[in-house]
Amino acid sequence: MTIAKENKSFISKLFEILGGIFRPILPIMIGGGLLQALRDILLMTGAIEQVSSSYIFLNALGHCVFYFLPIYLAFSSAKVFGASPFMSATIAGFLMYPQVTQLFEWAKTVGWDLTLFGSIPVTYSRYPSSVLPIILIVYFQSKVEPLVEKYSPLLLKTILVPLVTMFVTGVIGLIIIGPIGTWIGNIMNILIGFLNERSAWVVPTLMGAFTPLLVIAGAHYSIIPITAQNLAQLGYDTVMLPGNLASNLALAGACFAVAIKTKKTKAKGVASSAGITALFGISQSALYGIVVPLKKPLIYTIIGGGVAGFLAGITQIKAYSMITPGLLSLISYVSADEKITNLIFAVATAVIAFVVTFALTWILGFEDFKDEVQDETN
Amino acid sequence: MNKRLLKLVLLLAFSILMLVGCSGQAKEYESFAPNPTAKVGEFFEIDSFNLIKINTTEIVEKGNDKILVINYSWRNEGTKADTTFDNFKITASQGGAALEPTLEHVKDIKKLVVPVDVGSTLDDIEQGFILESDDLVYLSILGSDLAFMVDNKPINPYPVKVEIDLKKLQ
């Protein structure tokens with residue numbers, strides 16, 4: 001009983017931590033994603049060329065969000081863990097320092113075993129665009145910093161705290177925590193890659209079906225690290241974004257069916273506006289205002305989202321940027337590296353999610369609201 | 001009124017600058033692109049700053065592994081003293097699969113990180129690769145140029161390839 005209680009609190013704490021780390025950087029991830037989509041549209045329309053200074057500048061403007069992701073993550077992780085944000089960002093900067101990155105790449109190319117002080121082995125890791133290593137390193141920093149603060153003489157605090165914290169965190173991060181974070185990240189990538197290769201439909205189907213439950217549990221932020229890592233390292237995501245597209249459009253379908261079928265005047269308005277916001281990827285009002293209170297539409301949303309997620313999975317659609325999954329996000333399925341079928345299947349995923357859920361809600365029906373509902377969308 | 005006038009002048013000046021920027025003849029760029037393939041025993045360009053010569057290749061056996069050791073020279077044609085580390089990457093493949101690099105049997109690994117003066121040549125640099133089969137090995141040597149110029153247009157840089165027939169070495 002106690003264990004179950006502790007587990008629950010640990011999991012909810014983990015969700016809270018991940019949410020706290022990723023929520024502040026979501027706007028730049030969306031902005032960066034849209035800029036990358038703009039870059040690809042300009043490339044496809046011939047407005048810019050692949051090998052040109054315009055391409056390099058535009059590419060850098062969008063891609064810098066993902067390349068320097070560890071720096072933003074360091075800053076937001078520090079705020080969550082209670083470490084000094086600028087010191088955390090400095091550690092991230094150290095790991096991504098151009099010559100350090102180049103040294104790792106070069107050592108890997110020639111087979112050179114890197115060491116620190118001539119004897120401590122340094123395992124190959126690639127830090128630009130990485131997610132997990134810096135979060136673990138900042139967590140470690142949050143434990144080191146108070147200790148150094150506590151044991152430093154008052155007069156030397158301003159010197160010793162940054163010096164010792166940065167040195168210990170930087171060195172331990174480089175030789176132990178960074179490689180561990182990289183291995184965990186690699187294992188996650190291998191697992192997702194394995195699932196995508198063997199049964200590509202599984203993850204998008206589950207995401208399409210169960211995203212509403214993840215949102216209710218507040219667990220949807222726990223998937224963002226995987227998506228962020230996929231976008232940063234592979235350049236696309238097949239895990240969360242296609243599944244969420246299916247889920248949000250299914251919610252919209254359910255809401256519009258409710259809007260038409262309900263006898264309550266206010267509920268019609270609430271369901272319509274919740275449906276519109278769900279179409280654009282904002283799911284909360286649809287979830288809490290319509291499908292959860294009516295229960296059956298939630299089941300239809302799970303079925304419709306699952307069916308569309310299955311289509312997204314078997315067609316292996318790839319989202320090339322982080323845009324709130326909805327109609328506007330369809331632009332993220334356009335890429336200069338991808339065939340137009342990727343966009344066509346993304347549109348099909350959205351349409352099927354909407355139509356299936358709308359039809360289920362329309363045909364199988366639901367128990368109408370007993371009283372008029374309050375507008376939750378405002 | 002003055003503000004409107006100022007805005008008008010600024011807009012006019014901006015438009016003139018734009019027109020000046022767009023007019024005039026396009027600048028001619030010096031065309032540079034290395035030969036995509038090269039041979040063992042002769043110097044070849046890999047970009048604007050580096051010349052490479054593969055001197056010798058040999059197969060060394062270690063346990064069950066066969067290691068291809070290549071010996072090469074590098075001439076620094078850049079603008080400052082530099083190391084191999086900052087300038088180019090040599091990779092090898094067999095049947096399209098990348099070979100694992102190794103520094104086993106390399107006599108002086110420090111040559112990989114020694115700075116070389118502008119215009120000087122560093123000889124007898126070595127690099128090993130663990131062989132997977134007796135098939136042809138392709139070395140790919142990629143320099144540090146951001147783009148190559150072909151017909152006055154920039155293109156993506158490509159590695160220079162050197163073919164090594166292992167049967168001739170055994």
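In what follows, every chain begins at residue 1, and chains take the letters A, B, ... in the order their sequences are listed. Keep in mind it's a predicted model, so treat the numbers as computed, not measured. Basis for what follows: all heavy atoms, side chains included, without hydrogens, waters or symmetry-related copies.
The backbone N or O of Leu112(B) lies less than 3.5 Å from a partner atom in the side chain of Thr84(B), making a donor-acceptor pair. Judged by distance alone, the side chain of Asn76(B) and the main-chain N or O of Lys80(B) form a donor-acceptor pair under 3.5 Å. Under a 3.5 Å cut-off, the side chain of Ser120(B) and the backbone N or O of Val116(B) do not form any donor-acceptor pair.
Counting heavy-atom pairs closer than 4.5 Å to chain A, the top-ranked of the candidates Val106(B), Ile90(B), Thr102(B), Ile109(B) is Ile109(B). When each of Glu105(A), Gln102(A), Glu49(A), Gln99(A) is checked for heavy-atom pairs under 4.5 Å with chain B, Gln102(A) comes out on top.
The contact between Ile56(A) and chain B is made entirely by side chain atoms (from C-beta outward), counting heavy-atom distances below 4.5 Å.
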Inset, instruction - Any chance you could lay out the side chain to side chain donor-acceptor pair (under 3.5 Å) test for Thr238(A) and Asn230(A), step after step, and finish with the verdict? - result: CA-CA 8 Å; Thr238(A) 55; Asn230(A) 281 347; 5.1 Å; no
